[in-house]
2 protein chains.
Amino acid sequence: MDSLTDADPHTQKSTVTQVRAFLAQSNLPDDGRLPPERELSTALGISRTELRKALDVLEAEGQIWRHVGKGTFMGSRPLDTFADIAALARRSNPAEVMRARIVIEPEITRAAAFTATPADISEMRLCLARSRQADSWRQYEGWDTRLHRTIAEATQNGLLLGLFDTLNAVRRAVTWGRLRALPVKPAPDHHSFREHEAIVDAIEHRDMAGAANAMRNHLRTVERKLLDKQLRAAEED
Amino acid sequence: MDSLTDADPHTQKSTVTQVRAFLAQSNLPDDGRLPPERELSTALGISRTELRKALDVLEAEGQIWRHVGKGTFMGSRPLDTFADIAALARRSNPAEVMRARIVIEPEITRAAAFTATPADISEMRLCLARSRQADSWRQYEGWDTRLHRTIAEATQNGLLLGLFDTLNAVRRAVTWGRLRALPVKPAPDHHSFREHEAIVDAIEHRDMAGAANAMRNHLRTVERKLLDKQLRAAEED
DNA sequence: ATGTAAACCAAAATCAAATTGGTGTCTGAC
DNA sequence: GTCAGACACCAATTTGATTTTGGTTTACAT
């Protein structure tokens, strides 16, 4: 099969097909990585230079992809994706962020009601207490943020937590600078206090539907306040 | 100033203030990291136990935050905005991804049922048809992915779409290379065909609850198949 | 009882060594 | 002269051992 006498111009082509055959028959590991060039060249009985030429062809065809220090792999190069927070924030707006929160966070809360540990719940309680004691909006916001994140942590699901963090990062980027300290601190009867407590209570009672509803209710209130504020600001203009 | 004779019950309080004073005067590095506990305790001439108690107080106050292996830092804990897909994927696994999908995607579908345009719906129908005609699992997967993304697009919410893309990128990174062509192509009675159609039907009828349920039902089936596959693989070992 | 010191643990950072694809250089054969 | 092959070198990456660090337990002393 393999011609030892390939000094003819078909050399390139034959090495390519030879490599193709090897890849077809050899069962590669799950990640589709094939042996390093030095190894593969001796295994196929060809020089590394020639092997690399064949691999160049296969890479141009999109059959394989290579990366220094990593290796050569079958298939197409995995897109190195960074969820670009800044880009998302630029294309978004406060209303959209609120809508997304209303879609996502209640379900995260529902999941948290199922998986939260006592430690999670006591941390939520701590956040509640601290947010009540806060003597500035800045502090209050810190504890509010931490409460919501603790709920996401309580899902015990790193991916959900990551998605929540992304959502939150966009929220902060969009809302940035919008709220400044108008009143000195939240009033003791601020709606969020009651609503936050309802959420944590439901989580503690493992009431998944109740937790989701409480969170949805809370976010709807926040959304309403946000729209009111925008209206008022528009009227002042 | 510092009392060397604090055997009184005020010991705790004084150590806290002592540490506070240290933090106030010492110019910390840019990242706000303060010396390791062992070092700081000897520098302040107090035991590590006592120092840690003081740090506990400061942490509860939100003045500092700590992390094993990293150190203790001033300010509030930076939400690790690791929108880094690769990092998320490394810390995750197929089961966790499925759980996250079941939490997120049904609600996105519910929102889509409210906002989808006729153009969105006809594109969904196109994906359905193409996926039926696919003659390889690879092709089928392509249309399946596109259908799910079209649903996310139909929410008309760029942020939700971005979150979906992030979730999807992690899914692909985690599942990568795990599924390979056992049968040549999906059977005509593959469960996904019926389930996908139920989802699109519900969206077309503006049936928000039905759409969410159909999506949840679909993903639960996928999860079950995934777990079955893992079980079978485990038995073979 | 209370507090201290020491030991131990697991998470994370750190550092050195080995891998690996990419690139240039020199030699020898034709 | 041309070109393939062997070799050396480079930079990115992985791997593994070691160190550092906050958290926890244990033994001991006062």
Side-chain angles (χ1 to χ4, degrees), chain A residues 3-16 18-19 23 28-60 63-74 77-78 80 117 119 123 153 158, chain B residues 4-16 18-19 23 28-29 31-60 63-74 77-78 80 82 84 86-87 89-91:
Chain A
S3 55
L4 295 174
T5 64
D6 40 13
D8 60 331
H10 296 84
T11 302
Q12 291 181 359
K13 191 171 181 182
S14 73
T15 56
V16 171
Q18 190 179 354
V19 174
L23 296 182
L28 297 167
D30 291 348
D31 55 356
R33 177 181 185 178
L34 45 97
E37 294 180 351
R38 293 164 175 82
E39 207 171 300
L40 190 54
S41 63
T42 63
L44 293 179
I46 60 181
S47 76
R48 197 181 155 211
T49 315
E50 209 163 353
L51 169 64
R52 282 183 57 73
K53 274 193 238 169
L55 291 179
D56 286 343
V57 175
L58 292 180
E59 188 179 26
Q63 299 289 334
I64 62 171
W65 63 277
R66 310 187 264 187
H67 194 5
V68 255
K70 265 178 143 165
T72 307
F73 301 84
M74 296 290 296
R77 165 179 276 103
D80 50 341
T117 67
E123 189 172 348
E153 283 176 11
Chain B
L4 294 174
T5 64
D6 41 14
D8 59 331
H10 298 83
T11 302
Q12 291 182 358
K13 194 171 180 181
S14 72
T15 57
V16 172
Q18 189 178 354
V19 174
L23 296 182
L28 297 167
D31 55 357
R33 178 178 183 179
L34 47 99
E37 293 179 352
R38 293 163 176 82
E39 205 171 303
L40 190 53
S41 64
T42 64
L44 293 178
I46 59 181
S47 75
R48 196 181 155 212
T49 315
E50 208 163 353
L51 170 64
R52 282 183 55 73
K53 274 194 238 169
L55 291 179
D56 286 343
V57 175
L58 292 181
E59 186 180 26
Q63 300 288 334
I64 62 170
W65 63 276
R66 310 186 264 186
H67 195 346
V68 224
K70 263 176 144 165
T72 307
F73 302 82
M74 295 291 293
R77 167 180 276 101
D80 357 289
F82 54 111
D84 182 356
R90 228 175 301 121
R91 288 180 175 75

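First the proteins, then the strands, lettered A, B, ... as listed; each starts at 1. Just so it is clear, the model here is predicted, and its values are computed rather than measured.
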Using a cut-off of strictly less than 4.0 Å, decide whether His67(B) has a side-chain nitrogen or oxygen near OP1 or OP2 of dA12(C). yes

Which of residues 36-44 of chain A have a heavy atom under 4.0 Å from DNA chain C? Pro36(A), Glu37(A), Arg38(A)

Spacing between Asp56(A) atom CG and dG22(C) atom P, to the nearest angstrom: 7 Å

Which residue lies more 5' along DNA chain D, comparing Leu34(B) with Lys70(A) via nearest heavy atoms: Lys70(A)

Spacing of Leu51(A) atom CG relative to dG21(C) atom P, expressed in whole Å: 9 Å

Donor-acceptor pair, side chain of Gln18(A) and main chain of Leu44(A), under 3.5 angstrom: yes

Which residue, Thr49(A) or Pro35(B), contacts DNA chain D at a nucleotide closer to its 5' end, judged by nearest heavy atom? Thr49(A)

Please determine, for the side chain of Arg48(B), which listed nucleotide (dG21(C), dA6(D), dT24(D)) has the closest atom? dT24(D)

When rounded to the nearest 0.5 angstrom, what distance separates OG1 in Thr72(B) from CD1 in Ile64(B)? 5.5 Å

Interatomic distance, Leu51(A) atom CG to Leu40(A) atom CG [nearest 0.5 angstrom]: 5.0 Å

Of the nucleotides dT20(C), dA6(D), dT21(D), which has the atom closest to the Arg33(A) side chain? dT20(C)

Can you measure Lys53(A) atom NZ to dG22(C) atom C1' for me and round it to whole angstrom units? 16 Å

Counting heavy atoms from C-beta on, name the nucleotide in dG3(C), dG5(D), dG21(C) closest to the side chain of Arg52(A). dG21(C)

Which listed nucleotide (dA6(D), dA5(C), dA12(C)) is nearest to the side chain of Ser47(B)? dA5(C)

Please check the phosphate of dG22(C) (OP1 and OP2 only) for any side-chain N or O of Arg66(A) closer than 4.0 Å. yes

When rounded to the nearest 0.5 angstrom, what is the spacing between CG in Leu55(A) and CZ in Arg48(A)? 10.0 Å

